[in-house]
Amino acid sequence: MNIVKPSIPKGTRDFTPTEMMRRNYIFDTIRSIFYKHAYLPIETPSMENLSTLMGKYGEEGDRLLFKILNSGDFTQGVNFNDPEMSVNKLATKLCEKGLRYDLTVPFARFVVQHQNELTFPFKRYQMQPVWRADRPQKGRYREFYQCDADIIGSISLINEAELIEITDEIFSAFGIAVVMKINNRKILSGIAEVIGEPEQVTNLCIAMDKLDKIGQEAVCAEMMERGICESAIEKLKPIFEFSGKSNDEKLGLLSNLLADSEIGKKGIEEITTVLDYVKDMDLATELEIDITLARGLNYYTGAIFEVKAKDAAMGSISGGGRYDNLTGIFGLKNMSGVGISYGAERIYDVLNELNLFPAAILNPVKALFINFSAEDERYALSGLRAVRKAGISAEIYPDHVKIGKQMSYANSKSIPFVIMAGENERNNNTYTLKDMTTGEQCELTLDNIIEKLQ
RNA sequence: GCGGUUGUAGCUCAGUUGGUUAGAGUACCGGAUUGUGGUUCCGUGGGUCGUCGGUUCGAAUCCGACCUGCCGCCCCA
C-alpha cells in the first residue's frame with residue numbers, strides 16, 4: 001500500500017487543543033462584546049455563486065478568489081480550442097461557485113435575499129472562515145477567520161462611533177494597545193476633485209496608501225506614472241505634511257484644501273461628527289486621522305477604519321468602513337451599511353507574540369482520577385461522577401497502567417490535581433487529593449475535595 | 001501573479017573539498033522506583049536527508065524542476 005505523506009494545502013493550518021482553547025478565548029471575548037452591543041449572529045455558506053463574489057473586490061480580489069469546479073461533466077459545451085477563450089472566461093464556464101473572500105459581500109447578498117424577514121436597521125455579527133488564494137506569509141493565511149459586526153439600513157454616524165467603541169472594548173479586553181486609524185472616502189474624493197483629477201480617485205488612493213512605506217518622492221513618481229499631472233500633485237503638498245499633527249490640525253488643513261469641494265466638505269463634517277460622538281466615550285484606543293488610509297475594497301463610500309497593534313510587527317488586525325451601495329448590486333437600493341472586521345488569526349499571533357494569553361485558559365481540566373485496578377476503578381468512577389455533578393471538569397485515566405505513567409499524563413496536560421483511591425481510601429470512604437504544583441497530598445472526604453476544587 | 005530564501009528523527013539543530021553503517025540535544029518508550037509526576041541516572045527504538053529527475057565509480061552535500069515554510073512586491077485580516 002502506498003503511504004500518503006500527511007500534509008495540508010498551502011496556507012492552511014491544523015489547530016491543537018491548546019491552540020483551540022486560545023482561539024475560543026478570542027472568539028468568546030469578541031462574541032460577548034458583540035452581544036452587549038445588540039449584534040445578533042448569522043451564518044452564510046462557505047461557498048457563494050461566483051457571480052455574487054466577482055467584481056466586488058477590485059481586479060486583485062478576483063484573482064484571489066478560490067473557484068470551485070462544477071460537479072458532473074464540467075467540460076460539457078466548453079470549446080477548449082476557442083482562441084477567444086481567456087483563463088477568466090474559461091473559469092466562469094467551468095466554475096459557478098467560489099469560496100467566500102470576506103463576510104461583507106455575502107452579508108449584503110443575505111440582506112437583500114431576506115429583506116422581508118429582517119427588521120431594519122439590522123445589526124448582525126458573523127464569525128466564520130474566509131479564503132484567499134494569496135501567497136502565504138507570516139500573519140497571512142489562505143484560510144482565516146473574520147469576526148464581523150455590521151449595521152445596515154441606517155445612515156446615522158452613531159453607528160461609526162459605536163464600532164469605534166466596540167473596537168476599544170475588544171482590544172482593552174485582550175490587553176493589546178492599538179492605534180485605530182480613521183479616514184473617509186469622501187475626503188479622498190474631495191481631494192481628487194480639487195486637484196482636478198476627479199476620475200483618478202482609485203489611482204490617487206493606491207499611491208497615497210504607500211506614503212508611509214516609500215516616502216513622498218516615490219509616491220509622486222508613482223502618481224505621475226498612473227497619469228496624474230504634475231500641477232495636480234503640486235496641490236497635494238499640504239497633505240504630505242500631515243504626519244505628527246493632531247486630528248484637529250489635520251481637519252483644519254483639510255478644510256482649507258477642500259473649501260471648494262462639496263463632497264470633500266461632507267467628508268470632513270462626517271469625520272468631525274464621529275469624533276464628537278467618541279469624545280464622551282473615554283477610550284483607551286488612540287484615534288488617528290490618516291488620509292493615506294484607502295483600503296483596496298472598492299465598495300467603501302464613507303468612513304474607513306483600520307486597527308494596528310502598537311507593540312507588534314503585524315499588518316492590520318482589523319478593518320472596516322461604510323458602504324452605501326453594496327446591496328444595490330443585488331437589487332436593493334438606499335440601504336447604507338457600516339461594519340468592521342476583526343482578524344482572529346492575526347489577533348492570535350499578536351497575543352502570542354506579546355504573551356498576553358491568560359494562563360487559566362490552558363487547561364480547563366481540574367483533576368485526574370488515578371485508575372488503580374478493576375476493583376478500585378468503580379470507586380474512582382463514583383467519585384468522578386460526583387465531582388462532575390458539582391460542575392468541575394475532571395477525568396479518569398481509562399486504562400490500568402502504572403501510576404507513574406498516569407501521574408506523568410496529568411503533568412504533561414497541566415492538570416493541577418490528582419485524586420487517588422485504592423483499598424485504604426475505599427475502606428475509609430475517602431479520596432487522596434494531590435496538589436501537582438506543591439506535591440502535597442492529603443486524604444479527604446469527597447465533599448471536602450469538591451470544596452477545594454471549586 | 002513576480003523576485004529572493006529555506007527544508008536532515010515528533011521538535012530544535014550538527015554533518016568537513018562529494019567518500020564506509022547520517023549524529024547530538026530534547027521528546028517518546030523501557031528500567032533504577034509494582035501507590036506518586038515534575039528533578040537525577042542507565043538503556044531501547046525511531047530517518048524514502050521535502051519530492052522527482054540529472055551529473056558521478058560514489059550525492060544529505062553539485063545541477064534542474066516541483067512542493068512547503070519564510071522575506072520583499074502586489075494586496076490584505
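Computation of the quantities below employed the complete heavy-atom set of this structure, encompassing side-chain atoms and omitting hydrogens, waters and symmetry-equivalent molecules.
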Problem - Residue pairs fulfilling salt bridge (charged side-chain N to carboxylate O under 4.0 Å, His left out) with at least one residue in residues 134-149 of chain A, sequence neighbours excluded - result: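 Salt bridge (charged side-chain N to carboxylate O under 4.0 Å, His left out) check on residues 134-149 of chain A returns A:Asp134-A:Arg140.
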
[atom1] gap between [N] and [M], integer Å:
| N | M | atom1 | value |
| --- | --- | --- | --- |
| B:U6 | B:C49 | C1' | 15 Å |
| B:G50 | B:U68 | P | 16 Å |
| B:U26 | B:U40 | P | 9 Å |
| B:G23 | B:G45 | P | 13 Å |
| B:C28 | B:G37 | P | 14 Å |
| B:G30 | B:U36 | P | 15 Å |
| B:C76 | B:U17 | P | 48 Å |
| B:U51 | B:A59 | P | 15 Å |

[X] side chain to [Y] backbone, donor-acceptor under 3.5 Å:
| X | Y | value |
| --- | --- | --- |
| A:Thr301 | A:Asp324 | yes |
| A:Lys181 | A:Leu293 | no |
| A:Asn247 | A:Ile289 | yes |
| A:Asp150 | A:Arg124 | no |

[X] [atom1] to [N] [atom2]: how many Å, rounded?
| X | N | atom1 | atom2 | answer |
| --- | --- | --- | --- | --- |
| A:Met180 | B:A77 | CE | P | 13 Å |
| A:Phe305 | B:C76 | CZ | P | 17 Å |
| A:Tyr57 | B:G1 | OH | P | 20 Å |
| A:Arg100 | B:C76 | CZ | P | 19 Å |
| A:Glu345 | B:C76 | CD | C1' | 13 Å |
| A:Arg142 | B:G69 | CZ | C1' | 13 Å |
| A:Arg63 | B:C74 | CZ | P | 12 Å |
| A:Asp134 | B:U68 | CG | P | 14 Å |

Practice task
Can you figure out which of B:A77, B:C74, B:G69 approaches the side chain of A:Arg140 most closely?
Solution key: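 Looking only at heavy atoms from C-beta outward on A:Arg140, the closest nucleotide is B:C74.
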
Exercise for the section: Between B:G72, B:C70, B:A77, spot the one nearest the side chain of A:Gln137, thanks. Expected result: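 The nucleotide sitting nearest to the side chain is B:G72.
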
Practice task
Please tell me if the side chains of A:Tyr277 and A:Ile164 come closer than 4.5 Å, counting only heavy atoms from C-beta onward.
Solution key: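 A side-chain contact under 4.5 Å is absent here.
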
Problem - Along RNA chain B (nearest heavy atom to each residue), the more 5'-positioned of A:Ser318 and A:Glu60 - result: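 It is A:Glu60 whose nearest nucleotide is closer to the 5' end.
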
Review item, side-chain donor-acceptor pairs of residues 447-454 of chain A, under 3.5 Å, at least two apart:
residue  : atom : partner  : partner atom : Å
A:Asn448 : ND2  : A:Thr445 : OG1          : 3.2
A:Gln454 : NE2  : A:Ala390 : O            : 3.3

Problem - SB check A:Glu162 A:Lys123 (cutoff 4.0 Å) - result: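 So A:Glu162 pairs with A:Lys123 through a salt bridge.
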
Handout entry: A:Arg346 and A:Asp349 ion-paired at < 4.0 Å
Key =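 Answer for the salt bridge query: no.
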
Exercise for the section: Please work out which of the three classes, parallel, tilted or perpendicular, describes the rings of A:Tyr379 and A:Tyr431, given edges at 30° and 60°. Expected result: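 Judged by the thresholds at 30° and 60°, the geometry between A:Tyr431 and A:Tyr379 is parallel.
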
Problem - Intra- and interstrand pairs of RNA chain B - dot-bracket, Watson-Crick/G-U under 3.5 Å, | marks other strand - result: (((((.(..((((.....[...))))..((((.......))))......(((((..]....)))))).)))))....

Practice task
Produce a footprint string for nucleotides 31-38 of chain B: one letter per nucleotide, 5' end first; B if the base is under 4.0 Å from any protein heavy atom, S if only the sugar-phosphate is, - if neither.
Solution key: S---BBBB

Exercise for the section: Tell me whether A:Phe144 is stacked on the nucleobase of B:A77, counting only the six-membered base ring and applying the 5.5 Å and 30° thresholds. Expected result: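 Stacked: ring centres under 5.5 Å, planes under 30°.
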
Exercise for the section: Decide ring-ring contact (aromatic ring centres under 6.0 Å, His included) for A:Phe174 and A:Tyr25; before the verdict, give the C-alpha distance in whole Å, the side-chain angles of both, and the deciding distance to 0.1 Å. Expected result: CA-CA 10 Å; A:Phe174 288 134; A:Tyr25 159 72; 5.7 Å; yes

Practice task
Name the nucleic acid region contacted by A:Tyr145, choosing base, sugar-phosphate or nothing; use a 4.0 angstrom heavy-atom cut-off, strictly under.
Solution key: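 Counting heavy atoms under 4.0 Å across all strands, no contact is made by A:Tyr145.
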
Practice task
For A:Thr16, enumerate each residue passing the side chain to side chain donor-acceptor pair (under 3.5 Å) test, keeping only those at least two apart in sequence or located in another chain.
Solution key: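 By the side chain to side chain donor-acceptor pair (under 3.5 Å) rule, A:Thr16 matches A:Glu19.
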
Problem - Verdict with reasoning, A:Glu270 to A:Arg322, per salt bridge (charged side-chain N to carboxylate O under 4.0 Å, His left out) - result: CA-CA 12 Å; A:Glu270 284 185 12; A:Arg322 180 172 283 276; 6.0 Å; no

Handout entry: Close approaches to RNA chain B from residues 8-29 of chain A, in residue order (heavy atom, under 4.0 Å)
Key =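 Heavy-atom cutoff 4.0 Å gives A:Lys10, A:Gly11.
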
Problem - Presence of donor-acceptor pair under 3.5 Å, side chain of A:Arg135 and base of B:C75 - result: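 Per atom types, no contact qualifies.
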
